Visitor: 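Shown below is the structure under consideration.
Below, chains carry the letters A, B, ... as their sequence lines are ordered, and counting in each starts from 1. Nothing here was measured: the structure is a model prediction, and the numbers come from that model. Computed from heavy atoms alone, side chains included, the values below leave out hydrogens, waters and symmetry copies.
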Amino acid sequence: MPRGCPEEALWLFLLMNRSGFFPNEVTFASVLGSCAAVLELCLSRQIHGRIVKCGFLGNVILESSLVDVYGKCGIMSEARRMFDEVENPNAVSWNVIVRRYLEVGDEEAALCVFFEMIYKGVRSLTFTFSNALVACSRISALGEGTQIHGVAVKINYEEDEVVSSSLIDMYVKCGNLDGARKIFDQPSSKNLISWTSIVSGYAMCGRTKEARELFNEMPERSIVSWNAMLTGYTQFCQWEDALNFIFLMIQHKCDVDHVTLGLILNVCAGLSNVEFGKQVHGYSYRHGFYSNVSVGNALLDMYGKCGCLRCSRIWFYQMSDLRDTISWNSLMTSYASHHLSQQVITIFTDMQRETAPNKYTFATLLAACADIFALKQGKQIHGFIIRNDYAIDDVLLGALVSIYSKCHLLDYALKVFKEADPGDVVLWNSMILGCCRHDKGMEALQLFGLMKQEGVKPDHVTFLAILHACICGGYVELGGKYFDLMSSEYCLMARLEHYECMIELYTRHGVMDELKQFVKTLPFDPTIPMLTRISDACRKYGDSTLGKWAAKKIESISSCNGS
DNA sequence: GTAGGGTTAG
């Protein structure tokens with residue numbers, strides 16, 4: 001019974017049994033098809049039994065149908081057992097088992113079976129190749145993908161449009177753009193899908209200019225192509241380009257779908273343009289995207305990133321039964337960004353009544369606890385994570401290190417830190433900052449030395465932490481040395497915050513000559529907070545020339561802003 | 001004559 005009315009077919013089958021007619025092989029095959037369509041696992045097992053009883057096993061169509069139905073119901077162990085019993089699996093049987101493994105997310109098994117099939121010399125279907133290539137893309141298995149490419153060439157499948165498109169996409173997703181390009185440049189493999197794959201490949205690795213050139217050359221475009229290009233712009237925060245591209249889409253009267261809307265909302269968030277965001281909200285409402293969770297969550301994210309907590313909250317309640325874990329996380333993030341940390345914890349309590357948290361929930365939650373030094377809740381959440389068997393990845397370890405070091409439990413922090421990946425610079429930063437908070441400047445600097453020994457490359461946050469360590473420990477000379485080291489040895493450009501630290505270092509410890517020298521070398525105009533700090537220090541340590549200069553600067557900037 | 005699987009792009 002192919003894609004008709006599976007429920008009715010099953011109903012007829014039961015009726016047939018009651019009337020005393022005996023089903024034959026054809027009946028069973030068609031009934032199994034209906035079972036697969038409606039995921040009727042129980043009835044499938046009964047029919048499996050009857051097939052055995054009737055002596056129909058050995059019929060490859062029935063056997064493949066059983067593999068199919070077990071797989072569709074997600075019981076891969078049974079699907080596999082059935083498959084292994086098939087004496088002479090044909091191309092369809094192999095296709096079914098590969099496809100089902102792919103659907104349950106077991107890409108390794110899918111590839112394993114695929115190669116077994118190739119090894120046995122089965123002339124497979126082109127579909128099976130595509131499925132295997134998707135498996136490679138998902139787990140970035142470039143080696144296996146290349147092998148499949150070799151096989152495809154050998155049996156002349158490379159000419160097949162679907163296989164070549166799948167190959168291109170596999171190379172793109174495995175990060176081998178050149179490999180993808182080589183196939184794409186053959187005229188026979190150019191079609192809408194491969195064009196889109198290749199544009200997406202360039203866009204997703206930040207080569208948006210090349211992506212756009214290719215995009216402009218496309219003979220035809222679908223909404224997926226437009227979205228691929230827009231994804232590149234948004235992923236790399238090229239908001240102006242993204243915005244112009246959206247206007248172009250409007251000019252072209254493109255069909256907008258839920259992916260486009262989500263991307264446009266990301267752009268609104270990136271530009272902090274809540275007015276445009278609200279227009280998109282209205283558009284979604286008018287065009288039937290109101291019950292789409294991903295659009296709903298993108299709206300929440302947009303309101304949150306634009307800082308409009310009221311809008312976030314209202315929309316969150318309006319979403320009501322549409323809400324999922326991502327929606328809750330998004331709401332928590334909005335509150336966290338306003339430092340309403342106690343309320344973040346409250347939201348988590350409410351969330352548990354409705355849906356399960358994930359690792360992002362915990363990262364936000366722990367950061368909120370750290371923000372208000374809620375050590376007790378932080379520990380409870382740590383316990384919750386362990387009790388409920390959530391995998392503690394580096395992000396969570398980082399959050400734990402940061403809360404424990406913030407809440408003066410340096411021992412705990414160190415314990416967690418030791419479990420983590422020693423190559424993760426973020427964790428080192430948390431630990432170093434933790435030491436600073438405990439006025440353990442020397443320990444912080446020692447950690448920095450250890451980090452160097454481990455071969456971990458410091459980033460700008462590390463240097464911020466190091467400079468803080470120098471400020472609180474009073475290591476003025478060292479601070480200057482580290483500041484220079486940042487660019488000379490690590491090729492990191494000092495940011496405003498680093499300059500602020502240096503000014504804090506010199507002013508707090510009254511090292512006026514160095515301060516004067518440093519101010520002279522500033523590559524930009526000092527900010528008002530910097531000037532205020534300098535002026536205060538001059539008053540305290542007596543340096544009328546620099547003090548007057550700072551006061552004058554403040555005055556001129558203020559009058560500029562005032563007019 | 002009636003039965004099974006179903007591919008690639010955001």
Visitor: Tell me the salt bridge (Lys or Arg N to Asp or Glu O under 4.0 Å) pairs involving residues 313-331 of chain A, sequence neighbours left out?
Guide: A/Arg323-A/Glu354

Visitor: Between B/dG6, B/dA3, B/dT8, which nucleotide gets closest to the side-chain atoms of A/Phe127?
Guide: B/dG6

Visitor: Please list every donor-acceptor pair under 3.5 Å in which a side-chain atom of residues 237-251 of chain A meets a protein atom from a residue at least two apart or in another chain.
Guide:
{"unit_1": "A/Gln238", "atom_1": "OE1", "unit_2": "A/Thr208", "atom_2": "OG1", "d": "2.9"}
{"unit_1": "A/Gln238", "atom_1": "NE2", "unit_2": "A/Thr208", "atom_2": "OG1", "d": "3.4"}
{"unit_1": "A/Asn244", "atom_1": "ND2", "unit_2": "A/Glu240", "atom_2": "O", "d": "3.3"}

Visitor: Quick check for you: among B/dA3, B/dA9, B/dT8, whose closest atom lies nearest to any side-chain atom of A/Ser197?
Guide: B/dA9

Visitor: So which nucleotide from B/dA9, B/dG6, B/dG4 ends up closest to the side chain of A/Ser93?
Guide: B/dG4

Visitor: Among B/dT8, B/dT7, B/dG4, which is the nearest nucleotide to the side chain of A/Val92?
Guide: B/dG4

Visitor: Under a 4.0 Å heavy-atom cut-off, which of residues 168-186 of chain A touch DNA chain B?
Guide: A/Asp169, A/Lys173

Visitor: Rounded off to whole Å, could you give me the CG-to-P distance for the A/Asn131 and B/dT7 pair?
Guide: 7 Å

Visitor: What nucleotide, of B/dA9, B/dT8, B/dA3, holds the atom closest to the side chain of A/Ser222?
Guide: B/dA9

Visitor: Does the distance from a Lys or Arg side-chain N to an Asp or Glu carboxylate O, for A/Arg207 and A/Glu210, drop under 4.0 Å?
Guide: yes

Visitor: Roughly how many Å is it from CD1 in A/Ile51 to C1' in B/dG4, rounded to a whole number?
Guide: 11 Å

Visitor: With sequence neighbours excluded, give me every ring-ring contact (aromatic ring centres under 6.0 Å, His included) pair touching residues 118-157 of chain A.
Guide: A/Phe114-A/Phe129, A/Phe129-A/Tyr157, A/His149-A/Tyr171

Visitor: Output the single nucleotide from B/dG6, B/dA9, B/dG4 whose closest atom is nearest the side chain of A/Leu192.
Guide: B/dA9

Visitor: Identify whether the distance between the nearest side-chain nitrogen and carboxylate oxygen of A/Arg50 and A/Glu25 falls below 4.0 Å.
Guide: no

Visitor: Rounding to a whole Å, what distance do you find between A/Met82:CE and B/dG4:P?
Guide: 17 Å

Visitor: Nearest to the A/Thr196 side chain among B/dG6, B/dA9, B/dT7, which nucleotide is it?
Guide: B/dA9

Visitor: Measure the distance from CG on A/Leu102 to P on B/dG6 and round it to the nearest whole Å.
Guide: 12 Å

Visitor: Considering just the side-chain nitrogens and oxygens of A/Arg100, establish if one lies under 4.0 Å of OP1 or OP2 belonging to B/dG6.
Guide: yes

Visitor: To the nearest angstrom, how far is A/Phe215 atom CZ from B/dA9 atom P?
Guide: 18 Å

Visitor: Under 3.5 Å, which donor-acceptor pairs link side chains of residues 132-145 of chain A to any protein atom two or more places apart or in another chain?
Guide:
{"unit_1": "A/Ser137", "atom_1": "OG", "unit_2": "A/Leu133", "atom_2": "O", "d": "3.0"}
{"unit_1": "A/Arg138", "atom_1": "NH1", "unit_2": "A/Leu102", "atom_2": "O", "d": "3.1"}
{"unit_1": "A/Arg138", "atom_1": "NH1", "unit_2": "A/Glu107", "atom_2": "OE2", "d": "3.0"}

Visitor: In whole Å, I'd like the distance from the CD1 atom of A/Ile47 to the P atom of B/dA3.
Guide: 15 Å

Visitor: Sequence neighbours left out, what passes ring-ring contact (aromatic ring centres under 6.0 Å, His included) with A/His287? Give chain and number order.
Guide: A/Tyr283

